[in-house]
Amino acid sequence: MKIASFNINGVRARTHALDAWLEDAQPDVAVLQEIKTQDEGFPTAFYEDKGWHVAVHGQKGFNGVAMLSRLPIEDLSLGLPGDDTDEQARLIEATVVGKTAVHVCGIYLPNGNPAPGPKYDYKLAWMERLRLHAAAMLAYEVPTVLLGDFNVIPEPRDAAKPENWVDDALFLPQTRAAFRRIVNQGWTDAIRIRDPHATRGPFTFWDYQRLSWERDNGIRIDHLLLSAHAADLMVDAGIDRAVRGGEKPSDHVPVWVELDA
DNA sequence: ATGGTCGCGGAGCGA
């Protein structure tokens, strides 16, 4: 079972890039971030006609997440628990059953800039709620993949120019510590373990500005965290880097993991 | 140091 994540930065602006990638990569499950539309603006019927099961958690203008699955979507849940006043659409999770059941939780973690400030406070609060939810998911002991745009640069080697990010909400010590608290519950970073001693990259995001792609001035902020049961089933993982060089690309590229499930 | 690029929605914000 191939499970992927792609921050598409607007589903309407990304029709070509998304379809081309789906055709090429053939994921069984794909979680999408920043669809930037309400539910009714998502091309649900279009993808259902192509054989996808579709779940959408939309929001007008900003944020918004979705799930496309070749397998039926079961036990769908929308939104991060822990704050009934939080109306931002940033989490979609469900169970899909192939050879075995896999729980898939797709997230769009808040950016948090500028820091300090209310947006950074919201980011840290969201990460604390995610920590609690992640622990609850591990307790189910179903193979689980927690993936998406985390808006966290975990280590200096995850940025081409870490010195440019020292005051940024994606790289501040508090952000990285909050990320570590989650990972240290027992999650496996599927991309990092493929090359544990890499000193630079790989990257998943290149800003539209300052010729970042042409200069390979990237960062790694899209992550796939595997529960122990999921890590035992991992066959391969990767980053579809070439997507960034395509026509009308997102500023993120897809990340994926293949499980024997 | 500054400004640079996108998407959404139809100005300015978010990233």
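Chain A is the first sequence line, chain B the second, and so forth, proteins listed ahead of strands; every chain is numbered from 1.
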Review point. Side-chain N or O of Arg12(A) less than 4.0 angstrom from OP1 or OP2 on dG9(B)?
Key: yes
[atom1] atoms of [N] and [M], separation to the nearest Å:
N       : M       : atom1 : result
dA15(B) : dG3(B)  : C1'   : 16 Å
dG9(B)  : dG14(B) : C1'   : 13 Å
dC6(B)  : dT2(B)  : P     : 23 Å

Exercise for review: Give the rounded distance in Å between these two atoms: CG of Leu211(A) and P of dT2(B).
Suggested key: 21 Å
Review point. When every nucleotide of nucleotides 10-15 of chain B is labelled 5' to 3' by its protein contacts under 4.0 Å (heavy atoms), B for base, S for sugar-phosphate only, - for none, what sequence of letters results?
Key: ----BS
Show me the donor-acceptor pairs within less than 3.5 Å that the side chains of residues 42-60 of chain A make with the rest of the protein, sequence neighbours left out.
{"from": "Tyr47(A)", "atom 1": "OH", "to": "Asp19(A)", "atom 2": "OD1", "distance (Å)": "2.6"}
{"from": "Gln59(A)", "atom 1": "OE1", "to": "Asn63(A)", "atom 2": "ND2", "distance (Å)": "3.2"}
{"from": "Gln59(A)", "atom 1": "OE1", "to": "Ala89(A)", "atom 2": "N", "distance (Å)": "2.8"}

Review point. Taking the side chain from Asp24(A) and the backbone from Ala20(A), do they hold a donor-acceptor pair closer than 3.5 Å?
Key: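 Answer holds: no.
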Donor-acceptor contacts under 3.5 Å from residues 242-257 of chain A side chains, at least two apart:
{"from": "Arg244(A)", "atom 1": "NE", "to": "Trp206(A)", "atom 2": "O", "distance (Å)": "3.2"}
{"from": "Arg244(A)", "atom 1": "NH2", "to": "Trp206(A)", "atom 2": "O", "distance (Å)": "2.8"}
{"from": "Arg244(A)", "atom 1": "NH2", "to": "Asp207(A)", "atom 2": "O", "distance (Å)": "3.4"}
{"from": "Ser250(A)", "atom 1": "OG", "to": "Asn7(A)", "atom 2": "O", "distance (Å)": "2.7"}
{"from": "Ser250(A)", "atom 1": "OG", "to": "His252(A)", "atom 2": "N", "distance (Å)": "3.1"}
{"from": "His252(A)", "atom 1": "ND1", "to": "Asp222(A)", "atom 2": "OD1", "distance (Å)": "3.2"}
{"from": "His252(A)", "atom 1": "ND1", "to": "Asp222(A)", "atom 2": "OD2", "distance (Å)": "2.8"}
{"from": "His252(A)", "atom 1": "NE2", "to": "Asn7(A)", "atom 2": "ND2", "distance (Å)": "3.4"}
{"from": "Trp256(A)", "atom 1": "NE1", "to": "Asp240(A)", "atom 2": "OD1", "distance (Å)": "3.1"}

Point to revise | Which atom of Ala169(A) lies closest to which atom of Ala115(A), heavy atoms considered | key: CB-CB, 4.1 Å
Revision key, fill the gap. Closest non-hydrogen atoms of Glu93(A) and Leu91(A), given as atom of the first, atom of the second and distance, are OE2-CD2, 3.7 Å
Exercise for review: Take Ala13(A) and Arg210(A), find for each the nucleotide of DNA chain B with the closest heavy atom, and name the residue whose nucleotide sits nearer the 5' end.
Suggested key: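 The residue closer to the strand's 5' end, by nearest nucleotide, is Arg210(A).
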Study note, to complete from the structure: Which of Ile221(A), Leu225(A), Leu170(A), Thr204(A) passes side-chain contact (heavy atoms from CB on, under 4.5 Å) with Phe150(A)? It is Leu225(A)
